[in-house]
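Here the structure comes first, spelled out in structure tokens, and everything after it is commentary.
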Amino acid sequence: MKWGFGGMSKLALKDLDLAALEKQVVAWGQPRYRGRQLAEWIFKKGVTDFDDMTNLPADFRSQLQHEAEITRLVVLKKLVSDSGDTVKYLFGLADGGAVEGVLMKHNYGRTACVSTQVGCRMGCLFCASALGGWERNLTAGEIYDQVLTIQKDEGCRISHIVVMGTGEPLDNYEHTMRFIDNISAPYGLLISPRRITLSTCGLVPAIRRLAGERRGLTLAVSLHAPNDELRNRLVPVNRRYPLGELIPACRDYAAATGRRVSLEYALLRGYNDRPELAHQLAELSSGWLCHVNLIPVNVVPERGFYPPSRKRIQYFKNILMQHGIPVTIRKEMGADINAACGQLRWKNRKGDKE
Ligand code: SAH
């Protein structure tokens with residue numbers, strides 16, 4: 001099914017950054033400052049109609065109608081958790097694809113969780129996002145639109161972003177960074193990079209590149225196993241970038257940015273919850289700026305993974321604490337609405353109508 005907003009040949013403005021917008025308006029015969037005006041309309045005010053851009057001359061607006069488009073997403077599904085603090089969306093893209101986004105209402109603000117790809121090609125064993133394979137990268141504009149759509153739909157202001165939806169953001173580096181640069185800019189939503197957490201399964205060259213670019217993003221790394229033998233199975237990309245390369249890259253990221261790296265560890269009963277693994281994990285994470293975030297795995301029936309008992313999770317946590325490692329257990333939100341990890345999209349594709 002196609003929704004089709006405007007022709008595909010038109011220039012999708014939200015895929016550009018300010019410099020590119022300025023260059024483009026000059027090419028259209030306008031003064032450079034119109035680029036910033038345009039950027040504020042699309043990124044800050046989130047308008048979707050050129051006619052609403054009241055400070056642009058009418059002839060320029062009609063030129064824009066012909067040459068450019070302002071993308072938007074449709075809300076295909078919206079699920080609200082019983083507690084009301086988590087809202088899960090299935091967004092429809094212009095080409096008929098669909099991605100998930102989540103709004104989490106915390107006492108410190110509103111967090112949007114965004115997807116960066118349609119599907120994923122990393123193939124982590126316990127993750128629903130990988131179930132249907134990889135289809136394509138999202139554009140910078142499509143990632144941005146997830147935030148705008150949530151804001152509009154809920155009438156709220158997003159203060160924090162987690163790039164933890166479907167897809168591997170560092171496998172779609174350019175578009176993900178352009179999204180981050182736009183949303184953190186004064187012409188965007190002015191969300192500080194410190195309030196943006198990007199999660200990766202561990203693409204080492206991209207982590208190093210990110211450290212060099214010094215955006216000051218918070219980095220989360222999906223570790224899930226403290227030795228190569230186990231991690232090769234759970235997170236296959238480890239065969240390409242083993243722990244001996246990944247951990248030094250994370251340490252260097254922390255050193256270069258001064259930002260504490262978050263090591264994500266999804267606890268899978270019978271797979272990675274043994275006490276000896278907690279000791280190994282402590283060894284990897286001691287002596288540098290990081291903390292461990294334990295995540296009781298969300299059950300993905302297709303994968304046959306289940307979380308350990310509360311007692312066992314606590315025991316695992318205690319071992320880390322004894323080693324002096326800062327450790328938290330992730331607050332579970334939205335489990336009743338499949339808010340985790342690609343489950344909504346996958347169910348939708350299977351035609352499951354719950
Ligand atoms: N590709 C990136 C971004 C996805 S973030 C990454 O791997 O980090 C989503 C986070 O949820 C990752 O830490 C991922 O490993 C984790 N995750 C995936 N499936 C899960 C599940 N069933 N239960 C709990 N966490 C899961």
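Counting begins at 1 with the first residue of the sequence. Both counts, for ligands and for their atoms, begin at 1 and track the order of listing.
- Under the side chain to side chain contact (heavy atoms under 4.5 Å, CB included) test applied with L170, the options V163, T176, L198 reduce to a single match, L198.
- Interface of G167 with ligand 1, defined as ligand atoms under 4.0 Å from a residue heavy atom, comprises 1 (N), 2 (C), 3 (C), 4 (C).
- Applying the salt bridge (charged side-chain N to carboxylate O under 4.0 Å, His left out) rule to pairs touching residues 216-244 yields nothing, sequence neighbours excluded.
- E142 pairs in a side-chain hydrogen bond (donor to acceptor under 3.5 Å, both in side chains) with only one of the listed residues (R72, R136, K14), which is R136.
- If you number the atoms of ligand 1 from 1 as listed, the ones under 4.0 Å from a heavy atom of C127 come out as 18 (C), 19 (N).
- The residue from M122, R330, E168, R303 that puts a heavy atom closest to atom 1 (N) of ligand 1 is E168.
- Close contacts between ligand 1 and G165 involve ligand atoms 4 (C) [criterion: under 4.0 Å to a heavy atom].
- The atoms of ligand 1 that sit less than 4.0 Å from any heavy atom of M164 are 4 (C), 5 (S), 9 (C).
- In this comparison of R121, H224, Q117, the heavy atom closest to atom 14 (C) of ligand 1 sits on H224.
- To the nearest 0.5 Å, the span separating CD1 on I325 from OG on S286 amounts to 5.0 Å.
- The two residues Y253 and I207 make their nearest non-hydrogen contact at CD1-O, 4.0 Å.
- If you number the atoms of ligand 1 from 1 as listed, the ones under 4.0 Å from a heavy atom of C201 come out as 6 (C), 7 (O), 8 (O).
- For residues 184-198, every residue pair satisfying the side-chain hydrogen bond (donor to acceptor under 3.5 Å, both in side chains) rule, not counting sequence neighbours, is listed here: N182-Y187.
- Residue-level proximity to ligand 1 for T200 is carried by the backbone, the only part with a heavy atom below 4.0 angstrom.
- With D145 as reference, T71 is the one residue of T139, T48, T71 to meet the side-chain hydrogen bond (donor to acceptor under 3.5 Å, both in side chains) rule.
- No N or O atom of E264 sits closer than 3.5 Å to an N or O atom of ligand 1.
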